[in-house]
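Heads up, the thing below is written out as structure tokens.
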2 protein chains.
Amino acid sequence: MAIRESTEQRLLDAADDLFFTRGIAATPIDAVIERAGVSAATLYRGFPSKEALVAAALERRHLEWIETWDAAIARAADDEERALAVFDALDDFRDRPIGSRWCAFLGTAAEYGDAPPEVAEAVRRDSDALRSRLRNLAAPLVAPRSRDDRRRPDDGTDHRASRLGDELLLLVTGDLAMRLREPGHRTDTARGIARVLIASAR
Amino acid sequence: MAIRESTEQRLLDAADDLFFTRGIAATPIDAVIERAGVSAATLYRGFPSKEALVAAALERRHLEWIETWDAAIARAADDEERALAVFDALDDFRDRPIGSRWCAFLGTAAEYGDAPPEVAEAVRRDSDALRSRLRNLAAPLVAPRSRDDRRRPDDGTDHRASRLGDELLLLVTGDLAMRLREPGHRTDTARGIARVLIASAR
DNA sequence: GTCTATAACCGGATAGAC
DNA sequence: GTCTATCCGGTTATAGAC
């Protein structure tokens, strides 16, 4: 019934590379089939539809991204560098052999006017993870909250941390989207802004 | 031979709304035809191809965007507010009845793996205009250049102004792309960061 | 002369049958 | 794994209405 593990990996490799560099709509399913070296029947046995394949490729990519990011965080020496590690991770992730032109998740969100549920879910999960992780990384960097400021967002971080986290999220998102304007765009600008924001949040 | 002015406008209205909200690939040419209330023959008399229609719609949108932005700049009271006016313009532009979910130019760049020349040109023109205008708006905000700093980028602004301009470009781009993550996203975050950057550039 | 309506062509894409 | 039914999208041709 199910397809072989190695076959699934080859299909996901092909899907990842083709969908997220050339675009989903622009990539015929035949191109994925050919790249993966499987037959159409095999693909449709493993994945009920093109959309399901997209969702599965996004899911795997999300896990790889979190791995890359965690590794960058682990290399960092202090709280500030841990927060800035997201930019190292972006550099690392972009330098991978197969990759998207900018961001697979934003790209998918952009392609679908309204995405099918499985795809929308994958995209939303990525944004949520980015936001909550950035807020947590921002927490140790902000000045301790004042006594008369009791507001807390849902995730338990105080509002200064969530603000800095959301600012970092905008920078990350901006850095990714800048790659659409200039393909060679690097993280220097976003990183520089982040340093200024961190300094001013202390 | 040529098509009537009003017919052209109706076609561009339809193209703008459909292409940039639902996506270009996702919008069949028939949908544009129906919305505009013209026949296929008329469309193809006015525009040689779907891509040409895309490029023309982008061109018109670019002009409208610059108009909106200029109006926002004209309303501003001082140099700092003039630089921040781009965020007012983003708010104004987004509140228009027909609009894209995020940014027509970035969206088009994202859709085409490699865009046809006419489309690529329209997208590039938008990025270039954004960058050079933001650099110029940043110029009066930066500390006067020191004597031993003679570097100047091509556009004649000094490197501090171009840096601040490029930072603003990243914020604008990030604000636009954030609308993909949360549809209701507002410019507050980007604007706040911009203020911090301006303060620290003085 | 500008437009509409209709329909047909053709490449390509999904999906499923064999 | 191949092959094919079916559909859909972009484009063009024809004929006629205002």
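Worth saying up front: this structure is predicted, and the values here are computed from it rather than measured.
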Item to check | Short side-chain donor-acceptor distance under 3.5 Å, A/H62 and A/E59 | outcome: no
Next on the checklist: Without decimals, in angstroms, what is the distance between A/F19 CZ and C/dA13 P?
Outcome noted: 12 Å
Next on the checklist: For the residue pair A/T187 / A/D91, report whether a side-chain donor-acceptor contact shorter than 3.5 Å exists.
Outcome noted: yes
Report each atom pair, protein N/O against N/O of nucleotides 6-10 of chain D, whose distance is under 3.5 angstrom.
unit_1	atom_1	unit_2	atom_2	d
D/dG10	OP1	B/K50	NZ	2.5
D/dG10	OP2	B/I29	N	2.5

Checklist outcome for this item: A/R45 CZ to D/dG1 P, in whole Å, measures 10 Å
Checklist entry - When you check the phosphate oxygens OP1 and OP2 of C/dC3, does a side-chain N or O of B/T7 lie under 4.0 Å from one of them? => result yes
Checklist entry - In Å and rounded to the nearest 0.5 Å, what is the CG to OG1 distance from A/L53 to A/T27? => result 10.5 Å
Checklist entry - Quick one: do B/D92 and B/R75 make a salt bridge, cutoff under 4.0 Å? => result yes
Checklist entry - Side chain of B/A40: nearest nucleotide among D/dT12, D/dG1, C/dC3? => result D/dT12
Checklist outcome for this item: Taken to the nearest whole Å, CG/A/L43 to P/C/dA15 is 10 Å
Next on the checklist: In this structure, how many angstroms lie between the C1' atom of C/dG12 and the CD1 atom of A/I33, rounded?
Outcome noted: 13 Å
Item to check | N-O pairing of B/R191 and B/D88 below 4.0 Å | outcome: yes
Checklist entry - So what does B/V38 touch, heavy atoms closer than 4.0 Å: a base, only the sugar-phosphate, or nothing? => result sugar-phosphate
Next on the checklist: Using a 3.5 Å distance criterion without hydrogens, assess whether the side chain of A/R160 forms a donor-acceptor pair with backbone atoms of A/V142.
Outcome noted: no
Next on the checklist: Between B/K50 and B/I24 (side chain of the first, backbone of the second, donor and acceptor by atom type, cut-off under 3.5 Å), is there such a pair?
Outcome noted: yes
Checklist entry - Counting only side-chain N and O atoms of B/R4, is one of them less than 4.0 Å from OP1 or OP2 of C/dC3? => result yes
Checklist entry - Can you tell me how far P of C/dT2 sits from CD of B/Q9, to the nearest Å? => result 17 Å
Item to check | Step-by-step salt bridge (Lys or Arg N to Asp or Glu O under 4.0 Å) determination, B/D78 to B/R82 | outcome: CA-CA 6 Å; B/D78 59 22; B/R82 270 186 282 280; over 6 Å; no
Item to check | Nearest-angstrom distance from the residue atom CG of A/L18 to P of C/dA13 | outcome: 12 Å
Checklist entry - Under a 4.0 Å N-O cut-off, is there an ion pair linking B/D95 with B/R186? => result yes
Hey, what are the protein-to-nucleotides 15-18 of chain D N/O distances that come in under 3.5 Å?
none

